[in-house]
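Structure first, commentary second.
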Amino acid sequence: MSPKKSGHKMLPKSVRLTKEEAELLRQISEAELISKAALMRKFVLEGLWHYRLDQAIKRYQEGELDLSSAAQVAVLAIREFMGELHRRGEPRGVSLSRLDMRAVAGMRKG
């Protein structure tokens with residue numbers, strides 16, 4: 001659902017790009033048939049998502065968050081978060097001792 005349809009107010013933000021970066025943005029915009037503004041928004045949202053995921057994984061690895069809480073921070077289902085951990089080669093792995101009962105129950109439902 002777009003932010004306009006969901007009632008969220010859109011706030012303008014600006015960014016400075018080098019000529020080369022602006023040219024690359026233009027090329028991608030033309031290739032993808034999407035406006036430069038929409039493309040920049042897409043890139044920002046993807047970057048924010050990756051940042052949130054990275055932070056959730058870091059906090060999980062440091063033991064600050066349990067699996068369920070880390071998945072919530074990442075805005076992912078527990079199974080999806082576990083998949084991200086696996087893809088990134090989480091060294092400690094995910095053991096049953098690290099799962100809380102809510103996480104186990106959530107995995108059974110999903």
Side-chain angles (χ1 to χ4, degrees):
M1 178 180 285
S2 76
K4 290 180 183 178
K5 290 180 183 175
S6 64
H8 294 279
K9 181 178 179 181
M10 301 292 283
L11 302 173
K13 299 293 174 187
S14 63
V15 63
R16 295 187 184 275
L17 301 173
T18 65
K19 286 182 181 180
E20 294 81 12
E21 292 164 342
E23 176 59 20
L24 180 57
L25 184 68
R26 184 194 65 75
Q27 291 172 6
I28 296 170
S29 170
E30 288 180 3
E32 297 294 323
L33 302 174
I34 185 172
S35 73
K36 288 181 278 191
L39 185 61
M40 287 181 8
R41 184 171 192 277
K42 176 181 184 269
F43 288 157
V44 167
L45 292 177
E46 287 174 358
L48 291 171
W49 183 84
H50 283 284
Y51 178 81
R52 191 171 27 218
L53 176 61
D54 291 345
Q55 290 300 304
I57 289 173
K58 177 183 173 201
R59 292 172 67 191
Y60 172 76
Q61 289 172 331
E62 293 173 351
E64 183 182 334
L65 296 174
D66 63 20
L67 185 68
S68 177
S69 298
Q72 287 178 343
V73 167
V75 192
L76 291 174
I78 292 170
R79 284 187 179 167
E80 293 171 318
F81 187 73
M82 289 173 68
E84 285 295 329
L85 290 172
H86 179 73
R87 277 188 283 287
R88 292 175 183 224
E90 160 61 32
R92 295 188 304 181
V94 178
S95 66
L96 289 179
S97 64
R98 298 220 36 215
L99 297 175
D100 64 19
M101 294 311 290
R102 290 171 297 167
V104 172
M107 287 173 41
R108 287 185 184 140
K109 290 179 185 175

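Small disclaimer: the values here were computed from a predicted structure and weren't measured. These values consider heavy atoms only, across backbone and side chains, with no hydrogens, waters or symmetry-generated copies.
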> Looking at Arg87, Met82, His86, which hits side-chain contact (heavy atoms from CB on, under 4.5 Å) with Glu84?
Replying inline: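 Of all the options given, the one that passes is Arg87.
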If every non-hydrogen atom of [X] is compared with every non-hydrogen atom of [Y], which pair is closest and at what distance?
X: Leu53; Y: Ala74; answer: CD1-CB, 3.9 Å
X: Leu65; Y: Ala70; answer: CD1-CA, 3.8 Å
X: Ser35; Y: Ser29; answer: C-OG, 3.6 Å
X: Leu25; Y: Phe43; answer: CD1-CE1, 4.3 Å
X: Glu21; Y: Arg16; answer: OE1-O, 4.5 Å
X: Leu67; Y: Phe81; answer: CD1-CD2, 3.6 Å

> Which value, rounded to the nearest 0.5 Å, describes the distance between Met40 atom CE and Lys13 atom NZ?
Replying inline: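 The NZ atom of Lys13 is 12.5 Å from CE of Met40, to the nearest 0.5 Å.
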Do the side chains of [X] and [Y] join up, straight or via other hydrophobic residues, at under 4.5 Å, putting them in one cluster?
X: Ile57; Y: Val75; answer: no
X: Leu85; Y: Trp49; answer: yes
X: Val15; Y: Ile28; answer: yes

> Are Arg59 and Glu62 ion-paired here, with the side-chain N under 4.0 Å from a carboxylate O?
Replying inline: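 No, this pair does not count.
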> Hey, is Arg26 close enough to Glu30 for a salt bridge, meaning N to O under 4.0 Å?
Replying inline: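 Yes, this pair counts.
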> Which is it for Met10 and Arg41 under the side-chain contact (heavy atoms from CB on, under 4.5 Å) test, yes or no, and what are the steps along the way?
Replying inline: CA-CA 11 Å; Met10 301 292 283; Arg41 184 171 192 277; 3.3 Å; yes
> Yes or no on salt bridge (charged side-chain N to carboxylate O under 4.0 Å, His left out) for Glu23 and Lys19, after CA distance, side-chain angles and deciding distance?
Replying inline: CA-CA 6 Å; Glu23 176 59 20; Lys19 286 182 181 180; over 6 Å; no
